[in-house]
Every structure is written in structure tokens, then in C-alpha cells.
Number of protein chains: 2
Amino acid sequence: MVVSQAEPRTCSIARTLEVVGEKWALLAVREVFLGNRRFDEMVRRTGAPRDTLAARLRTLVERGIFERRLYSEHPARYEYRLTDAGRELYPVILSLMRWGDRHLAGEEGPPLLLEHSCGHTLVAEVVCEACREPVSARDVRPVLPVG
Amino acid sequence: MVVSQAEPRTCSIARTLEVVGEKWALLAVREVFLGNRRFDEMVRRTGAPRDTLAARLRTLVERGIFERRLYSEHPARYEYRLTDAGRELYPVILSLMRWGDRHLAGEEGPPLLLEHSCGHTLVAEVVCEACREPVSARDVRPVLPVG
DNA sequence: AGTTGAGCGTCCAGATTTCCGACTCAAGCG
DNA sequence: CGCTTGAGTCGGAAATCTGGACGCTCAACT
């Protein structure tokens with residue numbers, strides 16, 4: 001009897017979204033990538049409600065995306081820094097940004113540019129690590145891991 | 001008077017998240033990339049509540065990510081297909097998946113593998129379109145567009 | 001000394017979303 | 001006829017999000 005196991009898949013996409021898929025989470029991550037590590041600054045730049053952002057930062061610290069670091073004693077002040085795992089979210093941020101640049105930027109073009117150390121404006125592209133070719137959905141076939 | 005315009009930025013990341021950032025949206029997109037274009041199938045594979053998924057599909061169609069296409073008259077049945085814009089979300093999906101594979105897969109490894117047409121298992125990497133080098137956050141500097 | 005302001009939150013009440021199970025409706029199957 | 005499949009809708013409970021007010025500590029101004 002072949003059971004067509006149609007239970008919800010818990011793929012890596014779903015798992016990742018459980019960590020950073022809540023509202024405002026990725027915008028908080030964006031701000032830290034842009035160098036704004038402080039609560040008030042993040043509130044201003046993201047537009048998130050203070051309460052919501054506070055909650056989000058708490059869970060992102062718990063989940064190992066941010067580290068809460070004391071940067072001033074006395075008025076005890078903390079800033080949020082990316083952990084290594086957090087830093088590896090950069091491709092996610094770049095892909096989202098790229099899509100928005102292409103599909104949602106008005107005539108004025110993208111509202112933010114990134115300059116790569118090679119001297120060019122960064123345009124992010126996803127390639128296959130093995131052959132270095134750009135990847136499009138039609139070149140890819142899903143395979144169940146041997147288990 | 002220098003006004004430190006700290007109003008919420010509407011960057012491309014925020015804009016993109018407004019389109020696909022709601023709960024279940026990207027999982028619906030994932031399913032269609034995996035070839036499951038039908039409502040019931042998506043419900044089963046994602047685990048989303050039926051009504052939430054129905055709402056999500058509606059907005060994703062409105063926003064030009066999916067096309068709702070009749071595949072059977074009489075019992076009128078529709079399936080959801082990616083538009084060109086939707087197909088370009090592939091890098092987002094791949095980046096999320098990659099992060100999950102690295103940081104959230106248990107001992108059994110990733111729950112799903114992708115085979116690239118080059119013959120290797122796909123490992124997605126983000127490179128700078130200009131110099132083809134892998135991009136890391138520290139090689140990048142934000143620049144405000146001349147306006 | 002008193003006031004203002006920055007920085008970093010918490011608290012609360014109300015609005016929105018999400019969730020879940022049950023239900024509908026229209027075929028097609030045996 | 002009664003069961004199954006496909007694609008939803010409905011209603012009420014639960015969770016999440018929101019905006020505004022408030023608290024606290026310190027530093028700087030008047």
C-alpha cells in the first residue's frame with residue numbers, strides 16, 4: 001500500500017519562517033544589517049509598534065539571531081547585534097530586496113542601493129554552488145533524501 | 001536645520017514583505033514551485049487553515065504572484081500558477097531553504113533536496129552580478145540613491 | 001533645583017488575524 | 001443512493017498586533 005504522505009511538510013522553508021517569519025522580524029534584521037542596532041532607532045526606521053518590536057527582539061534573541069549586548073552601564077543600555085546565524089540571513093534579505101527593486105520600485109528606482117566591495121552596485125543573484133550558474137526554477141527538480 | 005529624517009523607510013524589503021510576508025504566503029508559493037497547484041493539495045501540504053489559505057491565495061492573485069486558471073469546467077476547478085513575477089521569488093525561497101538547511105536541520109539532514117540540471121545537489125549561493133563573488137554583509141555598504 | 005529629552009522599554013484596551021471544526025455545494029463513482 | 005473529491009465558506013474562540021500612555025535612569029539645559 002503506497003501511502004501518499006500528504007501531511008504538512010516541515011521543510012527548511014517552513015522552519016526558517018517559524019524563526020523569522022513573524023511580522024517585523026526581517027525588518028529588524030534589515031536595520032541591524034544597516035547598522036542601526038538600538039531599540040529606538042529600529043522603532044523609528046521600521047515603523048513597528050514599540051511593543052511589538054520589543055517582543056520580536058526578545059524572540060529573535062532567544063532563537064539565536066540577535067545578541068543583546070550592553071553598550072553602556074549606568075543607564076543600562078543594550079544594543080542588538082547579529083550572531084553568526086543572523087548574519088547568514090543576508091541572502092534572504094538580499095533576495096527580498098532584489099525582488100522589490102524589480103517589481104515594486106516606482107520610476108525613481110530603488111530607494112536604497114548597496115555598493116559591493118568590487119566597486120559595483122550590488123545586484124544579487126542566486127547561483128548553484130557547484131556549477132556557478134544562475135538558478136531558475138525550471139532547472140531544479142525536488143528529490144526526497146534517502147532515509 | 002538638518003532634519004534627521006528617521007521616518008520609517010519603505011525599502012524594497014518592506015515592500016516585498018507587504019506582498020508575500022503574511023503568514024502562509026511563502027509556503028503557498030513553495031507548494032506551487034513543487035508542482036502542487038491545487039487548493040486541497042496546498043492545504044494538506046502546508047497545514048494552513050483552509051480559510052486562511054483561501055484568503056492568502058486571493059491576495060496573491062490580486063498582487064500578481066499567482067494566476068487562477070480553470071483546469072476543469074463543470075465542476076469548475078481552478079489551479080494556481082506562478083506568474084513571471086511569482087517565478088522570480090525563487091531566490092527568496094532558495095535562500096530561506098538554505099538557511100533552514102544549515103541552521104535548523106537535525107541529524108537526518110535537510111528534509112528535501114533539490115537537484116540542479118548540472119547534476120549536483122543544489123546549494124544556493126548569492127553572488128554579486130558584477131564580479132560573481134559570493135556576497136557577505138561586510139563587503140557591502142548602503143548608499144542613498146542620488147535623488 | 002527644576003525641566004526637558006534621550007533611551008528603552010512595559011502595560012493596557014481594542015482591533016485584526018488566525019485557527020479549527022463543521023458545513024455547503026457540485027460532480028463523479030459504485 | 002451514499003461516499004468521495006475538490007474548493008471553498010461560516011462562526012466563534014484564541015492569538016497577535018496596534019497605538020497611546022506611562023515608568024525608569026541618567027545627562028544636559030535654564
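A, B, ... follow the sequence lines: proteins, then strands. Residue 1 opens every chain.
- With sequence neighbours excluded, no residue forms a salt bridge (charged side-chain N to carboxylate O under 4.0 Å, His left out) with A:R77.
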Extract from the structure each pairing of a protein N or O with an N or O of nucleotides 26-29 of chain D at less than 3.5 Å, listing the distance.
residue: D:dC26; atom: OP1; partner: A:H74; partner atom: O; Å: 3.2

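- By the salt bridge (charged side-chain N to carboxylate O under 4.0 Å, His left out) test, B:R102 is found to be paired with A:E88, residues two or more places apart in sequence or in another chain being considered.
- Rounded to whole Å, atom C1' of D:dG6 lies 5 Å from atom CG of B:D40.
- Considering only residues two or more places apart in sequence or on other chains, A:E31 meets the side-chain hydrogen bond (donor to acceptor under 3.5 Å, both in side chains) condition with A:N36, B:R9.
- B:N36 places its CG atom 16 Å from the C1' atom of D:dA7, with the value rounded to the nearest Å.
- Distance CZ (A:F39) to C1' (D:dC24): 14 Å, rounded to an integer number of Å.
- In this structure, B:Y78 has no side-chain hydrogen bond (donor to acceptor under 3.5 Å, both in side chains) partners at least two apart in sequence or on a different chain.
- For the atom pair CH2 (B:W24) and OG1 (B:T46), the distance works out to 5.5 Å, reported to the nearest 0.5 Å.
- Computed from coordinates, the B:E79 CD to D:dG6 P distance equals 13 Å when rounded to whole Å.
- Neither OP1 nor OP2 of D:dT25 sits under 4.0 Å from any side-chain N or O of A:Y78.
- Residue B:Y71 belongs to no hydrophobic cluster, having no ILVMFWY side-chain heavy atom closer than 4.5 Å to its own.
- For the side-chain hydrogen bond (donor to acceptor under 3.5 Å, both in side chains) test, no residue two or more places apart in sequence or in another chain qualifies with B:H116.
- Applying the side-chain hydrogen bond (donor to acceptor under 3.5 Å, both in side chains) rule to A:Y90 yields no partners; only residues at least two apart in sequence or on another chain are considered.
- In this structure, A:V143 shares a hydrophobic cluster with B:L113, the cluster being traced through Ile, Leu, Val, Met, Phe, Trp and Tyr side chains under 4.5 angstrom apart.
- Among A:L57, A:L60, A:V29, A:I65, the one residue that satisfies the side chain to side chain contact (heavy atoms under 4.5 Å, CB included) test with A:Y80 is A:L57.
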With B for base contact, S for sugar-phosphate-only contact and - for none (protein heavy atoms under 4.0 Å), nucleotides 13-21 of chain D reads ----SBB--
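- Bracketed by its first and final contacts, the part of DNA chain C lying under 4.0 Å from non-hydrogen atoms of chain A reaches from C:dG7 to C:dC12 in 5' to 3' order.
- Legend: salt bridge (charged side-chain N to carboxylate O under 4.0 Å, His left out) pairs involving residues 108-124 of chain B, not counting sequence neighbours, sorted by first then second residue: A:R141-B:E115.
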